[in-house]
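Structure first, commentary second.
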Number of protein chains: 2
Amino acid sequence: MSTEAHELSTAWLRVFLAVARLGSFTEAARTLGYTQSAVSRQIQALESALGEGALFDRLPRGVAPTERGRVLLPRAEAVLAQLEGVREDLTALREVSGGRLRVGAFPTAGAALVPRTVAAFQERHPDVELTVAEGLTGALLGRLDRGELDLAVVSSTGGAVPEAYALEKVVDEAMYAAVPAGHRLARRRRVRLAELADEPWVSGSTATERSLLHPAVREDFRPRVAYVAAEWIAKQGYVAAGLAVALIPALAADGVRPDIRLLAVHEEDIPPRAVYAATLRGRTPPAAAEAFIRLLRETGARFGRRLPRP
Amino acid sequence: MSTEAHELSTAWLRVFLAVARLGSFTEAARTLGYTQSAVSRQIQALESALGEGALFDRLPRGVAPTERGRVLLPRAEAVLAQLEGVREDLTALREVSGGRLRVGAFPTAGAALVPRTVAAFQERHPDVELTVAEGLTGALLGRLDRGELDLAVVSSTGGAVPEAYALEKVVDEAMYAAVPAGHRLARRRRVRLAELADEPWVSGSTATERSLLHPAVREDFRPRVAYVAAEWIAKQGYVAAGLAVALIPALAADGVRPDIRLLAVHEEDIPPRAVYAATLRGRTPPAAAEAFIRLLRETGARFGRRLPRP
DNA sequence: CTGCTGCCATGCGATTCTCGCATGGTCGGC
DNA sequence: GCCGACCATGCGAGAATCGCATGGCAGCAG
């Protein structure tokens with residue numbers, strides 16, 4: 001007879017409550033799907049685990065809680081309620097309600113992809129505290145490493161990504177050529193870059209290595225960068241004025257002014273820029289992050305090789 | 001692989017907390033006195049009981065809680081705190097702090113026995129809410145039966161007590177003869193009732209059957225009740241005036257006026273009146289009741305066959 | 001690049017727990 | 001005085017849990 005408190009089981013408490021409520025071992029057993037002997041022993045075990053003194057008086061007709069039993073009653077309910085709370089919390093987590101999510105994204109993603117995804121996310125999971133920070137891919141990964149972010153939206157332009165991160169492709173971003181409304185190709189829907197090889201270009205940098213044009217350079221396409229403008233709003237100005245054409249990633253193609261036409265560039269001319277959602281490899285990402293990534297892909301699908309404004 | 005939630009053990013949670021705090025199965029095992037394998041399996045069991053999703057990420061150097069783990073953390077602490085609360089409550093109960101105690105007592109006990117016991121009890125257990133009700137033995141037992149009282153202080157005068165009650169003798173109450181200060185026996189400390197057989201008596205009733213004198217009646221003691229007075233204060237008046245003598249139970253002998261003398265009556269002349277503490281048979285009495293009974297006996301010892309004022 | 005080390009997972013046998021079944025004891029009622 | 005309701009308990013089967021030993025994996029030093 002080990003009078004020592006091995007460790008009290010929550011099953012004990014559930015049985016205890018049933019017995020207290022029903023006033024009978026037999027009835028509690030029937031309700032709980034046990035035999036009467038099992039209930040008897042469970043109560044015995046609980047009584048011995050709790051130390052001296054019975055929890056129920058065994059009367060000729062059923063049982064009645066002793067003072068100890070009456071004291072235990074609200075506590076047992078509280079414990080079980082907490083246990084129920086555990087399940088609720090975890091369910092809420094699975095259903096992505098509550099908690100926080102810290103997202104980082106590269107600048108272009110801030111044009112449409114991330115804002116739209118955020119909007120959809122907020123609608124579905126209004127309880128999640130969501131923050132978004134902008135930064136370049138390298139910086140974002142560093143913040144991920146230091147635990148400052150839960151999720152980073154990065155592009156493949158930054159070169160090789162260390163193995164420490166788990167990447168999930170969100171979208172293969174299509175590229176568009178932007179031409180003025182009166183351009184000779186303005187009525188086309190698709191072009192080859194070779195057709196624009198002789199046009200003056202506006203780009204983010206004179207050095208093509210640092211611009212979107214870089215992966216497109218080939219034998220038959222060596223663009224002449226006549227104007228330099230980093231911001232898309234400025235590029236639009238040059239293009240709309242008929243001074244130049246520009247290469248625009250689909251993610252930035254939203255809200256283009258009406259006097260500009262976007263032409264889908266043939267896939268072979270420029271590889272799609274991949275956008276990834278990065279988390280720390282080996283660490284289970286927050287459930288909210290999973291949900292955010294799903295929405296990212298959903299939103300991102302609209303930017304993959306399709307003209308936003310036909 | 002039973003993915004079903006058998007019932008989560010509190011041991012799970014304790015192990016979980018240790019692992020979360022120490023960041024390592026091995027270290028937690030060492031701290032808790034388990035082997036590493038046991039900890040590993042406990043966490044596995046907890047994870048499977050809680051359903052999909054791990055609680056810890058297994059890293060090359062130790063483990064780190066996942067989001068699920070971080071959510072579980074405060075809940076687990078709460079559950080264990082409640083469990084600790086159970087033990088504290090029960091310990092407090094054993095040490096008689098808190099809770100309530102409802103006592104009933106027959107009128108004479110209210111003269112000194114109960115008030116003194118109450119005072120001692122309040123001093124020792126100030127947290128217990130104590131109430132005292134007065135009533136005759138029969139009524140008190142009825143209220144005990146109906147759960148209106150936890151404890152009844154009753155005397156043996158009421159005849160047989162049903163078996164439904166557990167009686168614990170508190171004191172065998174001595175009887176005194178009260179005589180005026182100038183009485184011929186006033187200097188004695190003990191008397192035989194036969195010596196007072198010819199005196200006029202004052203009693204609570206003309207019918208000796210209903211008075212304290214009843215059990216004392218014998219061949220050589222047939223008292224003549226000259227005066228009837230129910231209250232002890234009135235009896236004192238007759239005695240002090242030298243009109244009569246009276247029989248006084250020790251419990252009522254406190255605070256006797258100075259012109260009256262109390263003489264111990266020989267034990268053979270009148271059987272001591274027993275005072276009992278009654279609880280419901282078969283029901284575990286409240287811990288406070290046990291403590292109260294102990295103090296009753298302590299206090300009552302002063303009224304057994306001893307003159308309170310020598 | 002190879003062996004070492006630290007850490008978690010897992011197969012195995014022994015122990016303990018817990019269950020259901022059947023039985024015994026006690027009390028109240030017809 | 002027998003019967004029925006109810007709780008306690010001996011017994012054997014099955015499940016859970018433990019420790020021990022081993023395996024797998026990642027990082028690190030030589």
Side-chain angles (χ1 to χ4, degrees), chain A residues 1-16 18-20 22-49 54-66 69 162-164 166 280-284, chain B residues 1-16 18-20 22-49 54-66 69 162-164 166 280-284:
Chain A
M1 166 93 64
S2 72
T3 178
E4 205 39 51
H6 286 156
E7 187 77 50
L8 44 111
S9 152
T10 58
W12 286 185
L13 298 181
R14 245 177 272 278
V15 172
F16 168 79
V19 170
L22 297 170
S24 156
F25 284 16
T26 305
E27 199 57 35
R30 186 159 22 240
T31 303
L32 268 49
Y34 285 129
T35 56
Q36 170 268 327
S37 76
V39 169
S40 174
R41 268 193 254 269
Q42 298 240 18
I43 297 299
Q44 278 178 36
L46 182 59
E47 285 172 336
S48 106
L55 294 170
F56 293 100
D57 282 320
R58 275 67 166 178
L59 307 176
R61 187 163 309 284
V63 299
T66 63
E163 282 298 309
L280 280 181
R281 179 178 302 282
R283 306 292 295 260
T284 304
Chain B
M1 168 95 62
S2 73
T3 178
E4 205 40 50
H6 286 156
E7 187 77 50
L8 42 112
S9 150
T10 59
W12 289 180
L13 299 181
R14 244 177 271 279
V15 171
F16 168 80
V19 170
L22 298 170
S24 156
F25 285 16
T26 306
E27 197 58 35
R30 187 159 21 240
T31 302
L32 269 50
Y34 285 129
T35 57
Q36 171 268 327
S37 76
V39 169
S40 174
R41 269 195 252 270
Q42 298 240 18
I43 297 298
Q44 278 178 38
L46 183 58
E47 284 172 337
S48 106
L55 261 14
F56 292 100
D57 283 319
R58 275 65 168 181
L59 306 177
R61 189 161 309 286
V63 298
T66 64
E163 281 300 307
L280 281 181
R281 179 177 303 280
R283 307 292 293 261
T284 304

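The chains referred to below are lettered A, B, ... by the order of the sequence lines, with proteins before strands, and numbering in each begins at 1.
- Distance, A/Leu46 CG to C/dC17 C1': 15 Å, rounded to whole Å.
- At distances below 3.5 Å, at least one donor-acceptor pair connects side-chain atoms of A/Thr31 with backbone N or O atoms of A/Glu27.
- Distance from the side chain of B/Ala38 is smallest for D/dG19 among the nucleotides C/dT18, D/dG19, C/dA9.
- Proximity of a side-chain donor or acceptor of B/Thr10 to a complementary backbone N or O of A/Ser9 within less than 3.5 Å is not detected.
- Formation of a donor-acceptor pair under 3.5 Å by the B/Arg58 side chain with backbone atoms of B/Phe56 is found in this model.
- Put simply, CG on B/Asp57 is 13 Å from P on C/dC8, counting in whole angstrom units.
- With values rounded to the nearest 0.5 angstrom, B/Thr35 atom OG1 is found 8.5 Å from B/Arg41 atom CZ.
- Listed pair A/Gln36 / C/dG20 fails the phosphate criterion, with no side-chain N or O lying under 4.0 Å from OP1 or OP2.
- Note on A/Ser37: every side-chain N or O is 4.0 Å or more away from OP1 and OP2 of D/dT9.
- Counting atom types as modelled, A/Thr35 pairs no side-chain N or O with a base atom of C/dC21 as donor and acceptor under 3.5 Å.
- In this structure, CD on B/Gln44 lies 10.5 Å from CD on B/Gln42, to the nearest 0.5 angstrom.
- Of the candidates D/dA8, D/dG19, C/dC21, C/dC21 carries the atom nearest the A/Arg41 side chain, counting heavy atoms from C-beta on.
- Between A/Leu8 atom CG and C/dC17 atom P the separation is 15 Å, expressed in whole Å.
- Not one side-chain nitrogen or oxygen of A/Tyr34 sits closer than 4.0 Å to the OP1 or OP2 atom of C/dG20.
- For D/dC7, one of the phosphate oxygens OP1 or OP2 lies less than 4.0 angstrom from a side-chain nitrogen or oxygen of A/Ser24.
- Using a 4.0 Å heavy-atom cutoff across all strands shown, A/Val39 reaches no nucleic acid atom at all.
- OP1 or OP2 of D/dC7 lies within a sub-4.0 Å distance of a side-chain N or O belonging to A/Thr26.
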What string of B, S and - do you get for nucleotides 24-30 of chain D, 5' to 3', when a contact is any protein heavy atom under 4.0 Å? --SS---
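- You'll find the side chain of A/Thr26 stays beyond 4.5 Å of the side chain of A/Val39, heavy atoms only.
- The separation between B/Leu22 atom CG and C/dC8 atom P is 11 Å, rounded to whole Å.
- Per the geometry, CZ belonging to B/Phe25 stands 7 Å off C1' belonging to C/dC8, to the nearest Å.
- When the P atom of C/dC8 is taken as reference, atom CZ of B/Arg30 falls 10 Å away, rounded to whole Å.
- Distance B/Gln42 CD to C/dC8 P: 15 Å, rounded to the nearest Å.
- For A/Glu47 (side chain) and A/Leu55 (main-chain N/O), a donor-acceptor pair under 3.5 Å exists by modelled atom type.
- When the C1' atom of C/dT26 is taken as reference, atom CZ of B/Arg281 falls 15 Å away, rounded to whole Å.
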